[in-house]
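Worth knowing before you read on, the calculation uses all heavy atoms, side chains too, and leaves out hydrogens, waters and symmetry mates. Quick caveat, the model's predicted, so the values are computed rather than measured. We number each residue from 1, following the sequence as shown.
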Amino acid sequence: MSSFKQEPHKLLVIPGPIEVADDVLYANAHPSMSHISPDFIPVFGDCIRLIREVLFTKTGQPFLIAGSGTLGWDQVAANLLEPGEKALVLHTGYFGDSFVDALAAYGAKVDQIKAPIGMAVPEAEIEKALLSKKYKVLTFTHVDTSTGVLSNAKRISETVRRVSPETLVVLDGVCSVASEEIQFDEWDIDVVMSATQKGLGTPPGLSVLVASQRAIKVFETRSTPIASYYASWKKWLPIMQAYEQGKPAYFATPPVNLIYALQASLTRIVRGSPSLADRFRLHQEVSQRIKKALKDLGLQQVPFDDSVAANGMTAVYYPTGLLAGDILPQLANKDIVVAGGLHAEIKDKYFRIGHMGITVVDAQRGDINKLISALQDVIIEAKNAKCK
């Protein structure tokens, strides 16, 4: 084990990027190496296998490609939809609109079901929409980072399979993978797309996507050319298969150092302590603790109900009479970095806290205690100052 320790820094508790473990950051500093080196090939293959375990799938096909989580939208649109085909987007915040834009850019005809801010789309509305048209794909943001709303992936997939079994179920898990349980095979999901900088506890820079064999078949039997070069699975599928089989292959150079870092983090998540099941439990417990502390301070969550509130982040309205300038700079002065609002309709009315990964599962760090203590001090001080 390396003795490497990060330099002291402000505690990063935004909904991604998140704090990174010392050994993960150290792995990211691996000496420069060829992407077809016999030493690197098994590392890449290991990441492909480990991501399957995080998502509880035996047959899903991972794609690990240099890029942000946004590249997942392009992969879905370019490979699974053909011009003129219909897509249904369940909208629970900012990222629903963005997914619509990405799908439309590739020629899809897109409908949305928009939930009120702080709410998830009811299954009855999903069923009604699926009965009205034949949709090639249905997409939803598992945790919308702009609102902190958690959609029920299992029930959404069950509804689709019952009403329109050929429709592909696409889960945007950028803010949920490794902090929310996702049973890819059991729930019969077709695509989970994510990125490395949130629950996966790795620096930003990798698009992480897993596709079902049903989705791969749809891709393989499409009748029109793929309208993307870099996002084309025709380019990337042979690369992923080769690395998993321990063979070198090349289309575009992978971020070698970042894949070393991802391997270190995935090994922690899948093979380390706590177990994967306990990791999800700890995210739930810490989430409840933070939300209770904020409620005790008189703050209201953006999600209408705890049943639709994410476990890896919290979106909360400022206290009455207070604004971002009363809270966020004061938290930063206490070495706590949280995020402002993102949803356009309420952007100046709320802020967001991330509680994922090592901050949650390693209690010895004291991150959660430090966060809650700072929130209590700053909010009480700000309220008192307004009363003077």
Side-chain angles (χ1 to χ4, degrees), residues 6 9-21 24 54 69 93 118 141-151 173-182 194-204 265 268-269 272 274 276-297 299-303 305-318 327-328 331-332 334-342 350-379:
Q6 296 174 51
H9 58 278
K10 294 179 187 292
L11 178 62
L12 187 61
V13 279
I14 66 175
I18 68 168
E19 289 286 324
V20 175
V24 175
V54 173
T141 311
H142 196 199
V143 170
D144 195 297
T145 318
S146 72
T147 58
V149 168
L150 170 68
S151 293
V174 170
C175 198
S176 67
V177 168
S179 60
E180 306 284 353
E181 183 176 1
I182 301 173
S194 192
T196 46
Q197 74 271 17
K198 303 201 181 195
L200 290 172
T202 308
S265 190
R268 271 178 163 266
I269 292 168
L276 199 50
D278 284 340
R279 175 174 288 264
F280 296 133
R281 176 183 57 78
L282 286 168
H283 277 81
Q284 292 172 351
E285 291 175 357
V286 167
S287 176
Q288 291 166 7
R289 184 181 166 199
I290 290 170
K291 289 171 172 61
K292 182 180 184 302
L294 291 166
K295 184 178 181 181
D296 290 345
L297 288 166
L299 277 65
Q300 178 187 343
Q301 285 189 74
V302 173
D305 186 83
D306 285 343
S307 65
V308 293
N311 293 299
M313 67 165 290
T314 298
V316 62
Y317 289 106
Y318 295 114
I327 303 293
L328 305 193
L331 285 171
K334 292 181 178 290
D335 291 337
I336 302 290
V337 180
V338 298
L342 180 61
Y350 78 113
F351 66 104
R352 297 169 298 139
I353 304 165
H355 31 87
M356 290 175 262
I358 193 168
T359 286
V360 168
V361 302
D362 186 354
Q364 292 183 344
R365 289 171 55 98
D367 290 356
I368 301 304
N369 290 339
K370 182 179 180 181
L371 168 63
I372 291 175
S373 176
L375 286 166
Q376 291 169 335
D377 290 347
V378 165
I379 290 169

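Judged by distance alone, the side chain of Q6 and the main-chain N or O of V20 form a donor-acceptor pair under 3.5 Å. No side-chain donor-acceptor contact under 3.5 Å links T314 to the backbone of K291. Within the 3.5 Å criterion, the main-chain N or O of Q301 finds no donor-acceptor partner in the side chain of Y350. Of the possible donor and acceptor atoms, one in the side chain of K198 sits under 3.5 Å from a partner among the backbone N and O of P15. The closest donor-acceptor contact from the side chain of H142 to the backbone of V174 lies at 3.5 Å or more, if one exists at all. Listed for the T147 side chain is no donor-acceptor partner under 3.5 Å among the backbone atoms of G118. A donor-acceptor pair is defined here as one N or O able to donate and one able to accept, closer than 3.5 Å; no such pair exists between the side chain of S307 and the backbone of D305. Without hydrogens or angle criteria, R352 side chain to G340 main chain gives a donor-acceptor distance under 3.5 Å.
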Could you walk me through whether V143 and L150 pass the side-chain contact (heavy atoms from CB on, under 4.5 Å) test, one step at a time?
CA-CA 5 Å; V143 170; L150 170 68; 3.7 Å; yes
Derivation of the side-chain contact (heavy atoms from CB on, under 4.5 Å) call for C175 and M356:
CA-CA 9 Å; C175 198; M356 290 175 262; 4.1 Å; yes
Please determine whether side-chain contact (heavy atoms from CB on, under 4.5 Å) holds for the pair V338 and I327, giving the CA-CA distance in whole Å, both sets of side-chain angles, and the decisive distance to 0.1 Å.
CA-CA 10 Å; V338 298; I327 303 293; 5.9 Å; no
How far apart are the C-alpha atoms of Y317 and V302, what are their side-chain angles, what is the distance that settles it, and do they pass the side-chain contact (heavy atoms from CB on, under 4.5 Å) test?
CA-CA 6 Å; Y317 289 106; V302 173; 3.9 Å; yes
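Atom CD1 of I379 is separated from atom CG of L299 by 4.5 Å, given to the nearest 0.5 angstrom. Remark: S194 OG to I182 CD1 distance equals 7.5 Å, nearest 0.5 Å. Separation of atoms CD1 (I336) and CG (L12) is listed at 10.0 Å; rounding is to 0.5 Å. A distance of 12.0 Å separates CG of D296 from CG of L375, quoted to the nearest 0.5 Å. The line from CG of L294 to CD of Q376 is 9.0 Å long, rounded to the nearest 0.5 Å. To the nearest 0.5 Å, atom CG of residue L282 and atom CG of residue N311 are 11.0 Å apart.
No donor-acceptor contact under 3.5 angstrom links the side chains of D306 and Q288, judged on distance only.
Considering every non-hydrogen atom in both G201 and V24, the closest pair reads O-CG1, 3.6 Å. L200 and S265 make their closest contact through O-OG, 2.5 Å (heavy atoms, listed as atom of the first residue, atom of the second, distance). Here the closest non-hydrogen pair linking A21 and I358 is CB-CD1, 3.4 Å. Across all non-hydrogen atoms, the minimal contact from G148 to A315 is N-CB, 4.1 Å. The shortest non-hydrogen separation linking G93 to S146 is CA-OG, 3.5 Å. S179 and H283 get closest at one heavy-atom pair: CB-CD2, 3.4 Å.
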Report, one line per pair, each donor and acceptor closer than 3.5 Å where one atom sits in a side chain of residues 363-370; sequence neighbours left out.
{"from": "R365", "atom 1": "NE", "to": "D367", "atom 2": "OD2", "distance (Å)": "2.9"}
{"from": "R365", "atom 1": "NH2", "to": "E19", "atom 2": "OE1", "distance (Å)": "3.2"}
{"from": "R365", "atom 1": "NH2", "to": "D367", "atom 2": "OD2", "distance (Å)": "3.0"}
{"from": "D367", "atom 1": "OD2", "to": "T359", "atom 2": "OG1", "distance (Å)": "2.9"}
{"from": "N369", "atom 1": "OD1", "to": "R289", "atom 2": "NH1", "distance (Å)": "3.3"}
{"from": "N369", "atom 1": "OD1", "to": "R289", "atom 2": "NH2", "distance (Å)": "2.4"}

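None of Q284, R279, H355 except one satisfies the side chain to side chain contact (heavy atoms under 4.5 Å, CB included) rule with V360; the exception is H355.
With a 6.0 Å radius and a threshold of 12 heavy atoms from other residues, nucleotides or ligands, K10 has its NZ atom above the threshold.
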